Amino acid sequence: MSAPSMSAPPSATGPLRPYGLRCDHRVTPLGIDEPAPLLSWRLASDHRGDDPTAHRVRLARHPGELAPGGRPLWDSGELTDPGATGVPYTGPALEPRTRYHWQVTVASARDQEPAPAASWFETGLTVGPGGQDASGEGPRAAWITHAPGRIDVMDAPTEGASALNHHGLAPCPQLRRAFDAPPAPVVRARLYASARGLYEIRLNGTRVGDAELAPGWTDYHRRIQYQTYDVTELLRTGENVLAATLADGWWSGFVGFEPRRAGAHYGTEPHLFAELHLLDGEGRTTRILTDDSWRTRTGVIRHADLLMGECHDLRHHTDGWELPGHDDRDWSPARVTGTDHRLLVAAPDEPVRATAELAPRTVTRLRDGVHLVDFGQNLAGRVRLRVHALPAGARVTLRHAEALDEDGALYTANLRTAAATDLLIGDGRPDHVFEPRFTYHGFRYAEVTGLPELAATDIAAVALHSDTPWTGSFDCSDPGLRRLHSCITWGQRSNFVSVPTDCPQRDERLGWLADAQVFLPTAALNADVAAFFTKWLRDVDDARTPDGGFTNVAPRLAGVADEGAPGWGDAGVLIPWHLYRTYDDPRFLARALPGMRAWVSLVQLHNPDLVWRHRVGPHFSDWLAPGTPTPRDVVATAYFAHSAHLTARAAEVLGHHDPARDHHKLAAAVRDTFTDRFVTYTPADGAGTEPDGRADGAAEEPTGSLRIEGDTQTGYLLALAFGLLPEEWREAAARRLAHLVEAAGPGLVTGFLGVALAAPVLDAYGRADLAHALLRRTEAPSWLFPLRHGATTIWERWDGWHPDTGFRAAAMNSFNHYALGSIGEWLYRGVAGLDQSPGSTGYRHLLVRPAPGGLAHAGARYESVRGTVAVHWERTGRTLALRVQVPPGATAEIHVPTTDPGSVRESGGIPADGAHLTRAGTAPGHAVYRVASGVYRFTAAYVPHEEDMT
Ligand code: RAM
């Protein structure tokens, strides 16, 4: 298995040039319905200071109209914002089902010819909300489903049979429609498809697109996504056939854990929606629509469920049903269930795709007909199995697990009611490849029952996840940290499945808001998650409670407390803010601001004294913290202050001055309340009240001593990360935090909320050494503890398995939960030193401040919205070499780690103030420079402290 491949700039060298053109954060999307999409680009140049001075975007229906002298539909004119990474389209209303070509030209400070680059996007069934376009031509297809009464109850598999029996899963409907191609040759064919449930469509036997689990999960009562496919190449003359298979998926299958409402959250059987638009050379469009002319029956898939698994009975297979010429007279007519299209929206994100295939590491024969396969990697996806011969009616059962028990058998207790069992029933014909299509499992191991032999070449694991383009890579000299980064990345792969889920294996897989919030900074470095979160923030908004509050999970689900808990509901504020800063797209804030304001007002309404005690939902506090719990009011009030502050900042960015002022005032008042109620500060001169429990003589320190109620690591982390303390108290708080971390091992005793903040806060207050010590720690709680015990993904609990006590309680013990993987952010920002400065958006102002610790080298590379950012440092003897790449349009403040600032050289020379570099003084352990865009190579004397060395 190779590392995920990254989208990278073109290898061609030269002056300033745009590349990586995107429309609404996607490369050449088909079928968008946004009326004012954002057109953006990255920049590359091989020269220092080769910054953009102006840009111009033009858009046309035909590429020729973009040529010099052509008449485009829209011309932005020359725009002189040198920091821009894109422009929103503001031309004439876009028409539906139309391809638009666009070109950006960027002028450079170096006075060369402006460099152009071109791309395109295509609009969907409609443009704008409401399912109707300006011409009144909305979608016309009906929702159709299998005729009732003809569904036979499935054959229950032998394994996991009880769960499956009781759930009464139904066979997957197949639907087909034969049609003749129009007489004139078709120049363009588009299929717009959706399901209430999941769909897979073939045209003349060939699968359309490569989306898995489409149309993805939304609150189907509020929004249903459709996908657009270019099927021009699949069309043939004469008879053609559209053939679809439907499954329950999130719509009518099992989701989550609520036993009273485990399945059928939105509907009871799946429905299909499809429109095939065929444009011929004479400009005529023929439409093939889902309606009652479609024929249906059930087929080979006897049931398919996301949690329970999938069953294929080959005896129900009919050769050629998806091809022209098949006689479907004994099929039933499809049943039309509605023609309401108001909820249909074009999917704004990349679909789930199969992105990797893993060969088994080992295949072990356990007993007659039972094999255990270890894929060596925990993942979300499914197994592909080649079966050479299977007698009619004989069964092959596939069970999945993340771990093995003491006897070397599958450990499935932690899956709770998720049967995660796939079943193949033979028809006696040789050679069949079995791969479930409408389920996924979280697993590293599979147990295959029913085959006398199993060759390693006959089985593979297929990884599935939302196909967010990879943008980041991290490397360093420590194999433990490299493996940690790999675990984090696999956690992301396994849990970004249409929504950001907590875990991929048990009967849960929900879009928990806090998990997403704490992991987002890491996720957004690993991958371009702008489109993925554009989609999910709609889910977050759709889920809001009637009084305007954010929930704990999105999409909202019966059985999970709606009222957002502190840190959970606040994700509705924190996530848009982080996305805005990362992707330089204020629309994240514009869309979210009403929800942000409603949330903060709601908390204020219920807590007029500004201590957040009421309407705390299930108050998860610092979830799963192994140490003394942080007082709940401390956690909640800290988040209240932070959300109020970010809401004010968001309003400010959008130019909404009054709300900005009000929320700034509120934030200041909550901060004051936080310090009044929860913080005791004793200045250095000894005046003031002595904090309780002071045992370390901290009051002797020059900056005084400080205690936050509860005296827990998380209390200090929240206060420092969210800027809740007066400036002059912060050093004291940071010292207390460092003391608590040291006293614990050094170690962390924080939960989901605290963990994410630990390394960044320690580093910001000069204790990168402690952050490194936490990373090096191998006893629980630590990141390396699970790795020592074979983890290949991040565990839900620090000690999900311990050699002394075995597995933690199965009721909540996931081995693929990304929340504690929030440390990934600091691997990039801290260890490698690749960051943007606090006031910067879209990586306009970089902050490069590596924390070498005891490592020999580290580096990170990141495709920002602006272009490639790269930092690599390496120590040889007593010299540290640092290479930094700053994309065009950006500047960087570079802190060169050195024990002798006078020794610093850049590209071999003494760095002197000039056009591209200025000296900015020294900081403890660093010499600081400000640079323009370009590549810089520093060397410096560097002798680390003894205790930093591994
Ligand atoms: C667990 C989930 C999730 C967490 C909530 C509070 O069941 O796995 O990670 O956010 O509870």
Side-chain angles (χ1 to χ4, degrees), residues 217 254-259 261-262 306-307 378 380 402 413-418 420 441-442 487-488 491-492 494-497 499-520 522-523 536 539-540 543 549-572 574-575 616-626 629-630 632 635-636 639 714 750-757 781 786 791 793-800 807-824:
W217 185 15
F254 291 87
V255 186
F257 47 70
E258 165 64 30
R261 186 76 191 275
L306 293 170
L307 297 181
N378 203 11
E402 297 183 289
N414 69 331
L415 308 185
R416 303 196 304 221
T417 68
H441 314 295
C487 286
I488 292 168
Q492 182 165 341
S494 315
N495 282 301
F496 279 16
V497 181
V499 309
T501 64
D502 58 334
C503 56
Q505 73 299 89
R506 68 185 178 216
D507 57 355
E508 186 149 357
R509 314 183 190 186
L510 302 181
W512 284 96
L513 269 73
D515 303 46
Q517 176 255 112
V518 298
F519 190 64
L520 173 63
T522 300
W536 190 61
D539 300 335
V540 169
F550 294 118
T551 48
N552 292 302
V553 300
R556 190 175 176 185
L557 204 71
V560 183
D562 277 340
E563 289 186 359
W568 271 251
D570 297 288
L574 274 66
I575 289 177
V616 287
H619 212 323
F620 301 116
S621 198
D622 189 21
W623 187 242
L624 299 186
T630 304
R632 292 164 158 239
V635 173
Y639 264 98
T714 293
T750 50
F752 280 19
L753 301 181
V755 167
L757 309 175
T793 40
I794 301 292
W795 294 355
E796 180 173 24
R797 298 171 180 275
W798 292 114
D799 56 351
F807 289 107
R808 292 287 297 262
M812 224 186 67
N813 199 16
S814 147
F815 293 101
N816 201 350
H817 236 72
Y818 54 51
L820 299 181
S822 54
I823 185 66

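In listed order, ligands and their atoms are each counted from 1. The figures that follow rest on heavy atoms only: side chains count, while hydrogens, waters and symmetry mates do not. Because the structure is predicted, anything quoted here is derived from the model rather than measured.
A donor-acceptor contact closer than 3.5 angstrom is absent between the side chains of Asp622 and Thr630. Using modelled atom types and a 3.5 Å distance limit, the side chains of Glu402 and Asn816 yield no donor-acceptor pair.
A distance limit of 4.0 angstrom between heavy atoms and ligand 1 selects the residues Asp502, Arg506, Glu508, Trp512, Asp515, Trp568, Phe620, Trp623, Phe752, Glu796, His817.
For the side chain to side chain donor-acceptor pair (under 3.5 Å) test, no residue two or more places apart in sequence or in another chain qualifies with Arg797. Judged as a side-chain contact (heavy atoms from CB on, under 4.5 Å), and not counting sequence neighbours, the contacts of Ala636 are Pro566, Trp612, His619. Taking the salt bridge (Lys or Arg N to Asp or Glu O under 4.0 Å) definition, one finds that Asp515 meets it with nothing, sequence neighbours left out.
Checked by atom type and distance alone, the side chain of Glu796 pairs as donor or acceptor with a backbone atom of Ser814 at under 3.5 Å.
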